[in-house]
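Since the structure comes first, as structure tokens, the remarks are kept for the end.
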Amino acid sequence: MVYLAKIFKLNYIFSMNKIMQIYEKLFEFYGPQHWWPAEDKEEIIIGAVLTQNTAWKNVEKAIQNLKAKNLCSLAAIFEIDIEELKDAIKPAGFFNQKSIYLKNISRFFKEEGGIEKLSNFQTEKLRKKLLNVKGIGKETADSILLYAFQRPIFVIDAYTKRLAERHKLTEKLDYDSLQRLFTNNLPKDHQLFNEYHALIVKNAKEFCRKKPDCKNCPLKEFL
DNA sequence: CACCAGGAATGTA
DNA sequence: TACATTCATGGT
């Protein structure tokens, strides 16, 4: 029974919790989101840093600048002069810090022998290694784990927090509590976690930014 | 003009 | 542990 429930497309057979119901509603409304929007895993990792507290639109410009200079890889970022790196990522903001963060991450992957080697580590071990890199916090680490390494780790962001708040999914709104909430109420499926987080972002951008438009939101019935 | 965006590090009590 | 501050560009 529990095993069958892991096949999330059949989960409706069993009693669906609120977390799962919200996912079903979002997926029904928006369909698959095809995240992470990037050509390869290294671009995901780079984008994960660039998007820290930054509109994705600006990250896209920075990524394009990097690609135009053949800098959109960890090896290239490791080698390039940091001032030139700053110049390329400038549209994404916080370029003084992010240039250092990207250098740190590129050095980390170099020292660890690349993505292939790191793929051999268990998820929790890999997560701790990522968190040791200055510039990678919980959300960035989890984004990399989920979208680049395909690990079943649920990403919590400001949108997820606001969703849990508005729909009264829980009392405790800190990162770890929210992550446990979603993890404990969903089948541990990386593809499901992938879509769910992307759908939360999609929905927030469409109905919650600026003037909240709750009457047309697919989640209005859960308020 | 103010406010926010797919956060994290650092400092304070 | 629990908040407050700082970082910076570009869109609304």
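Small disclaimer: the values here were computed from a predicted structure and weren't measured.
Less than 4.0 Å separates DNA chain B from at least one heavy atom of each of the following residues of residues 80-109 of chain A: A/Tyr101.
In this structure the side chain of A/Thr160 reaches within 4.5 angstrom of the side chain of A/Phe182, judged on heavy atoms. With a 4.5 Å cut-off on side-chain heavy atoms, A/Gln33 and A/Glu195 count as touching. In this structure, the side chains of A/Asp142 and A/Phe154 stay at 4.5 Å or more apart for every pair of heavy atoms.
Checked against B/dT10, C/dG11, B/dA5, the side chain of A/Asn53 finds its nearest nucleotide in B/dA5.
OP1 or OP2 of B/dA8 sits under 4.0 Å from a side-chain N or O of A/Thr140. For C/dT12, the OP1/OP2 oxygens have no side-chain nitrogen or oxygen of A/Lys57 closer than 4.0 Å.
Annotation: of the two residues near DNA chain B, A/Val133 and A/Ala55, the 5′-most nearest-nucleotide partner is A/Ala55.
Nucleotides B/dG11 and C/dA8 place their P atoms 16 Å apart, quoted to the nearest Å.
Judged by the 6.0 Å and 45° rule, A/Lys25 forms no cation-pi pair with A/Phe222.
Among the atoms of the strands shown, none is found under 4.0 Å from any heavy atom of A/Ile200.
Contact between A/Arg162 and A/Cys208 at its shortest, heavy atoms only, is NH2-CB, 3.3 Å.
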